[in-house]
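Report on the structure given below.
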Amino acid sequence: MAPKTYKIAVIPGDGTGPEVIAEGLKVVKAAGKKFKFNIKTDTFKWGGENYLKTGEVLPADAVETLKKYDAIYLGAIGHPDVKPGILEKGILLKLRFELDQYINLRPVKLFPGVETPLANKGPEDIDYVVVRENTGDCYTGIGGVSQKGTKDEVAMQMMVYNRMQVERCLRYSFDLVLKRHSKKNPWKGLSKEDIKAGKVGQLTLCGKTNVLTYVYDLWERAFHEIGKEYPAVKLNYCHVDATCMWMVKNPEWFDVLVTGNMFGDIITDLGAMTQGGMGIAAGGNINPSSVSMFEPIGGSAPKYTGLGVINPLAAVLSGAMMLDTLGETKAAAAIEKSVAHVTGKKLKSLSAGKMGYSTSQVGDLVVDNL
Ligand code: IPM
Ligand code: MN
């Protein structure tokens with residue numbers, strides 16, 4: 001059989017985006033050599049720089065163009081000279097919404113050798129996945145303002161969900177628990193009783209049913225109804241404030257955590273810090289039946305642009321997630337293993353400028369250990 005070729009749309013973006021994406025592509029292509037697939041890329045220079053030059057945030061046919069690819073690989077969008085909101089809404093959120101990438105997958109995993117601010121916690125304690133719903137909530141833009149600029153100004157921004165959005169996100173999350181664990185490989189947080197009862201893993205719904213009695217009631221009812229179809233998954237519920245507490249105090253209590261868009265945005269920054277920071281936090285905007293987009297969670301870090309000091313591992317791991325989603329699971333696992341070797345044995349720190357290696361040397365280290 002001829003080797004598969006994946007067509008990847010690359011949006012390097014602003015600031016240090018292009019530098020980290022270059023390393024991610026280096027690693028993804030090296031994995032392709034080893035595991036016998038090809039990566040073909042086309043680069044789209046959309047972002048703040050382009051907007052300042054041309055006045056265009058995204059060309060009108062951008063979404064249609066991107067639909068022709070197997071995946072999108074994005075560096076970072078954000079420019080200090082562009083007013084906040086324009087690029088975020090005009091590029092990142094627009095693509096997430098118009099490509100209906102309804103899952104934002106954000107693993108929280110402490111790699112070996114990486115320092116965490118959590119006392120007495122190691123890689124065996126910090127290893128869970130947050131599924132952030134990615135199309136609803138306060139992000140739909142529904143709301144408005146009246147009497148703007150007066151002392152009577154009223155502003156509203158609505159938390160919006162429909163049953164379909166909630167259901168598809170929950171089903172993805174339940175399936176993810178089964179993908180992570182099986183009878184042979186149950187989640188280590190389960191008790192003997194859980195295992196006896198046939199559980200293999202746990203799904204936690206993170207909500208706020210004590211205050212958001214419409215939206216998170218919808219989530220909670222759907223969670224329990226769909227949960228019946230997944231007898232091997234243990235159900236757990238946490239309010240979002242308590243979730244933040246446990247993410248710091250007992251991260252080992254989590255396996256897969258599912259939540260709405262707004263809470264998901266907030267708790268994944270917290271999660272990223274517990275796994276060593278933005279330098280290593282990977283993410284994917286996934287439409288399981290169409291084109292998905294992979295990006296490091298961190299921003300464009302403009303002050304480090306061009307210095308070759310930024311940590312590319314978040315981009316590298318996002319690239320691994322891209323391969324995993326494309327079905328190249330062995331290649332993805334090999335990249336993760338290599339990253340674990342690099343963090344465990346090579347890097348002095350994950351922070352920009354303190355790694356002991358340059359951005360491209362870190363990419364080379366990952367390639368060498370593949
Ligand atoms: C993220 C970011 C975005 C979000 C911003 C840049 C719009 O914070 O990907 O988490 O809020 O989703
Ligand atoms: Mn965010």
Side-chain angles (χ1 to χ4, degrees), residues 11-17 20-21 24 46-51 57-58 62-63 66 71-109 128-143 157-161 165 169 206 240 243-244 247 257-287 291-302 313-315 317-319 321-322 325:
I11 309 175
D14 299 311
T16 52
V20 297
I21 282 298
W46 301 328
E49 207 60 58
N50 177 61
Y51 169 69
V57 182
L58 264 190
V63 172
L66 292 174
I72 304 162
Y73 194 32
L74 175 91
I77 301 286
H79 197 289
D81 301 337
V82 181
K83 209 174 119 200
I86 295 178
L87 302 170
E88 293 87 339
K89 278 194 177 165
I91 301 181
L92 196 58
L93 298 181
K94 186 181 162 93
L95 295 180
R96 286 180 186 170
F97 274 77
E98 295 202 3
L99 294 166
D100 201 22
Q101 293 163 338
Y102 59 88
I103 298 298
N104 195 327
L105 195 61
R106 298 186 161 184
V108 180
K109 182 179 164 104
Y128 55 97
V129 181
V130 178
V131 178
R132 165 186 175 189
E133 201 290 330
N134 214 24
T135 61
D137 212 330
C138 307
Y139 280 76
T140 57
I142 295 179
Q157 206 118 27
M158 312 278 266
M159 179 172 270
V160 184
Y161 268 113
Q165 285 173 309
C169 178
C206 160
V240 61
T243 304
C244 291
M247 281 171 70
L257 233 167
V258 60
T259 190
N261 207 346
M262 189 78 255
F263 295 163
D265 177 45
I266 299 164
I267 70 169
T268 53
D269 269 28
L270 174 59
M273 284 304 123
T274 67
Q275 68 174 123
M278 288 304 181
I280 194 152
N285 303 277
I286 296 176
N287 178 335
V291 190
S292 301
M293 175 167 74
F294 300 85
E295 51 166 345
I297 300 186
S300 57
L313 289 179
L317 289 170
S318 304
M321 196 193 281
M322 173 166 77
T325 308

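The model shown is predicted, which means the values in this text are computed figures rather than measured ones. Atoms within each ligand, like the ligands themselves, are counted from 1 in listed order. For this chain, numbers begin at 1 and follow the sequence in order.
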Are Ser292 and Ile72 side-chain neighbours, meaning at least one heavy-atom pair lies under 4.5 Å?
no

Cation over ring face, Arg132 and Tyr139, 6.0 Å, 45°:
yes

Taking all non-hydrogen atoms of both residues into account, name the closest pair between Trp46 and Val57 and its distance.
CB-O, 4.4 Å

Donor-acceptor pair, distance only, cut-off 3.5 Å: does the side chain of Asn104 make one with the backbone of Ile286?
no

Whether the side chain of Asn287 engages the backbone of Asp100 through a donor-acceptor N/O pair (distance < 3.5 Å, no angle test) should be reported.
yes

Let me know which protein residues bring a heavy atom to under 4.0 Å of ligand 1; chain then number is fine for ordering.
Glu88, Leu92, Arg96, Arg106, Arg132, Tyr139, Asp265

Basic-acidic side-chain contact under 4.0 Å: Arg96, Glu295:
yes

Number of protein N/O/S atoms less than 2.8 Å from the Mn ion (ligand 2)?
1

Pair Asn285-Asn134, side chain to side chain donor-acceptor pair (under 3.5 Å): steps then yes or no:
CA-CA 8 Å; Asn285 303 277; Asn134 214 24; 2.9 Å; yes

Note: Cys169 and Val131 closest approach over all heavy atoms is SG-CG1, 4.0 Å

CG of Asp14 to CD1 of Ile91: how many Å apart, nearest 0.5 Å?
7.0 Å

